[in-house]
Amino acid sequence: MLGGDEFISPPPRKTVRFGGTLTDILMKYEKGETTDFELLKHQLSDPDIKKLPWLRRSREVVEEYLGFLSNLVSAQTVHLRPCLQMIVSQFVPPRITIREDDVDISDSDDDDENLSENFNTCHRALQTVARYVPSTPQFLMPILVENFPFFNKSERTLECYVHNLLRVTVYLPTLRLQILELIIEKLLKLDVSTPQQDIEDAEENANNSDNEEKSTEEGLFDMEEDEERKGNKVVSSSSERMAHPLAERLDILMTILFSYIKDVCHVNGKLDISNTKDLYRDLVSVFDKLILPTHASCHVQYFMFYLCSFKLGLAEAFLDHLWKKLHDPNNASVIRQTAGSYIGSFLARAKFIPVVTVKACLDLLVNWIHKYIDNQDKGANVYCDVALHGPFYSTCQVVFYTLIFRHKQLLDGNLRKGLSYLQSLNFERIVMCQLNPLKICIPSVVNLFAAITRKYQLVFCYTIIERNNRQFLPVVRSGSGGDLVQTCTNPLDSFFPFDPYILKRSKKTIEPFYQFWEELSAEDLENLKKPIKEGTSEDEDDDFLKGETPQNDGVVGLAPNSYESNTRSPLSSIGSPPDCYVPYPQ
């Protein structure tokens, strides 16, 4: 076992293979003796270049080595790639192996006090090389990709590497788009391999274990000691750790990405419009290439949510970008449907989007729906078919979902004016059309939309819902062991990309801008059964409107993303728009 002082003592003086020390060779080179220097250049072309202990040496040696690197790569660019490989390999903390009886018993990160200084030196070296070799970015990017740590590495290793990658974008801006694409691609793989249900299950199991341990420990102390412990209780940092190991890594990396976005967009505490626009263009490009084609990612897409919170113009530009994706018939149907899901979830969840923008988006979406119905009335495919009309059904669901979250704000202040606006959207024609969107959209969304629209006498949906329920035939498949298992499928395979964010550390960045769903109380459900009385005056408050709009202190939940989520126990969808069927009173 290594002694504690061995970690503190400086590294031993290493020699090159042909004899002598690195310092001696550099000093000879300054005096004009180039023989050993030429031998050293050949050694540098070997992969062992990574093992030269130049970082954790004296300042003089480091400065000489940086000068040597600049001379080497400028004189013979054949050594550029080995030098870049050597520098990038130092973007992670050094590893130490503890051995006992010739057996490795640990391989852990070295807690180096000089780690930050070493990283600074690495970036100095990289800038030096880039200054003398303009083609450095072209050779550097493949090396950054090759050296990206596997996800089974420690959180600290991943954290340091991603942080250093983002630092590279500061002085090599031509690589920013590629580096952001690399990082987000890795985060996306980590995100989709960690389903939200697995994260929630791990947290629940960890909480149960903590409660059991706490109850056991409390039995070991008397009452006085218990009171003393409770009085001096301090929240430990472990409370912010995610129980799921991959979720913990994702949480740390998302925190770094959010911090980077904030630092780039703000200069001296003020929003820099030019920097923000440039970053927006890069991130939208990455969004189109990676995020939009990926189904049911849970957290990574929030980098766009956070960026758009800086300025309303960004949010409107993002909505306009998604709208163009949705209504462009040249795009694949799945891309159009996903763009619709992003529009609906963004309008519903983003606190920073005002009612004026919500109305403008609803006008666009509803007008497109009516034009689609007009065009279909002239054709032969006027029947319910997801394969033919997927974007139409997705857009209908966007409108229904947005209305569920925003109807109180749309009606707030002036009830008559708000109702007049909603009536102008002509929901009745959408619901009653032969394409039958209520049959395809997610049941929880349909049921709440039906309850709200009946409440305000916009359209009566329950006759169609009951007819659809009678026509619905369950899909039956063979399960394990030959048993017949009744399953439900989601025709749109839709999801809400901005469902509640559950990573503990990074969610603190999102929560101030996030609209949580407010669980409906028994009184609210009862109010939904009571339509507004005719002749309600413009200034008369409605009982349903007296409730507050959804607040951050509401219960966090996940809106269901499939029919199957509606068949689970209520605990699996806490805080979501519930699958509540509000029957029309006879």
Side-chain angles (χ1 to χ4, degrees), residues 180-181 184-185 187-196 280 283-308 314-350 353 358 361-362 364-366 368-369 372 385-405 435 437 440-442 444-446 489-501 558-565 576-577:
L180 287 173
E181 186 176 316
I184 291 173
E185 180 185 10
L187 292 180
L188 197 58
K189 291 179 180 179
L190 188 58
D191 194 10
V192 297
S193 63
T194 315
Q196 193 157 1
Y280 172 82
L283 290 180
V284 164
S285 176
V286 176
F287 176 86
D288 287 345
K289 183 175 181 179
L290 298 177
I291 303 296
L292 204 56
T294 303
H295 179 70
S297 58
C298 297
H299 302 96
V300 178
Q301 60 266 22
Y302 269 90
F303 68 82
M304 286 303 304
F305 188 98
Y306 181 55
L307 177 63
C308 291
L314 296 176
E316 292 177 342
F318 184 52
L319 287 168
D320 181 65
H321 179 76
L322 293 171
W323 162 245
K324 291 176 181 177
K325 293 281 184 183
L326 172 61
H327 84 281
D328 186 357
N330 295 320
N331 289 326
S333 179
V334 64
I335 296 297
R336 297 174 68 189
Q337 291 174 221
T338 305
S341 297
Y342 272 93
I343 291 175
S345 195
F346 193 63
L347 289 175
R349 298 293 192 173
I353 295 182
V358 175
C361 291
L362 285 177
L364 277 176
L365 296 168
V366 171
W368 183 87
I369 291 173
Y372 192 94
D385 190 334
V386 177
L388 289 175
H389 310 295
F392 168 79
Y393 294 120
S394 179
T395 306
C396 290
Q397 183 164 275
V398 168
V399 172
F400 299 163
Y401 189 73
T402 303
L403 182 68
I404 291 171
F405 271 86
L435 296 178
I440 302 300
C441 297
I442 292 176
S444 59
V445 174
V446 169
T489 57
N490 180 357
L492 284 175
D493 197 23
S494 56
F495 72 107
F496 302 108
F498 295 118
D499 271 342
Y501 193 97
L558 172 69
N561 57 10
S562 68
Y563 281 145
E564 294 171 311
S565 67
S576 312

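Positions are given from 1 along the sequence.
Among Leu187, Thr294, Leu190, the single residue meeting the side-chain contact (heavy atoms from CB on, under 4.5 Å) criterion with Val300 is Leu187.
Atom SG of Cys361 is separated from atom CD1 of Ile343 by 7.0 Å, given to the nearest 0.5 angstrom. Interatomic distance, OH of Tyr401 versus OG of Ser345, reported as 5.0 Å (0.5 Å rounding). The structure places CD of Glu316 at 8.5 Å from CD1 of Ile353, a figure rounded to the nearest 0.5 Å. Here Phe392 contributes atom CZ and Leu326 contributes atom CG; the two are 12.0 Å apart, rounded to the nearest 0.5 Å. Cys396 contributes atom SG, which lies 11.0 Å from atom NE2 of His389 (distance to the nearest 0.5 angstrom). The CD1 atom of Ile335 lies 8.5 Å from the CG atom of Asp288; values are rounded to the nearest 0.5 Å.
Considering only residues two or more places apart in sequence or on other chains, Ala317 meets the side-chain contact (heavy atoms from CB on, under 4.5 Å) condition with Tyr280. Partners of Ser297 according to the side-chain hydrogen bond (donor to acceptor under 3.5 Å, both in side chains) rule, which considers only residues two or more places apart in sequence or in another chain, are Gln301. For Val399, the side-chain contact (heavy atoms from CB on, under 4.5 Å) test picks out Leu362, Leu365, Val366, Ile369, Phe427, with sequence neighbours left out. Take Asp320 and apply the salt bridge (Lys or Arg N to Asp or Glu O under 4.0 Å) test, not counting sequence neighbours, and it matches Lys324. In this structure, the side-chain contact (heavy atoms from CB on, under 4.5 Å) partners of Glu185, at least two apart in sequence or on a different chain, are Lys189, Leu290. Looking at residues two or more places apart in sequence or on another chain, you find a side-chain contact (heavy atoms from CB on, under 4.5 Å) between Ser333 and Gln337, Pro391.
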Please report the C-alpha distance between Tyr342 and Phe287 in whole Å, then the side-chain angles of each, then the deciding distance to 0.1 Å, and finally whether the ring pair (Phe, Tyr, Trp, His ring centres under 6.0 Å) criterion is met.
CA-CA 11 Å; Tyr342 272 93; Phe287 176 86; 5.1 Å; yes

For Val446 and Gln397, what are the C-alpha separation, side-chain angles and deciding distance, and is it a side-chain contact (heavy atoms from CB on, under 4.5 Å)?
CA-CA 8 Å; Val446 169; Gln397 183 164 275; over 6 Å; no

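Panel note: side chain Asn331, backbone Arg336; no donor-acceptor pair is recorded below 3.5 Å. Put simply, the side chain of Tyr302 gets close to the backbone of Phe498: a donor and an acceptor are under 3.5 Å apart.
Between Thr402 and Val398, the shortest heavy-atom contact is OG1-O, 2.7 Å. Closest approach of Leu435 and Tyr393 over heavy atoms only: O-OH, 2.5 Å. Counting all heavy atoms, side chain and backbone alike, Val445 lies closest to Phe496 at CG2-CZ, 3.9 Å. Minimum interatomic distance between Trp323 and Leu364 (heavy atoms only, all atoms of both residues): CH2-O, 3.7 Å.
Considering only heavy atoms from C-beta on, Ile291 comes within 4.5 Å of Phe303 through its side chain.
Ring centers of Tyr501 and Phe305: at least 6.0 Å apart, outside the cut-off.
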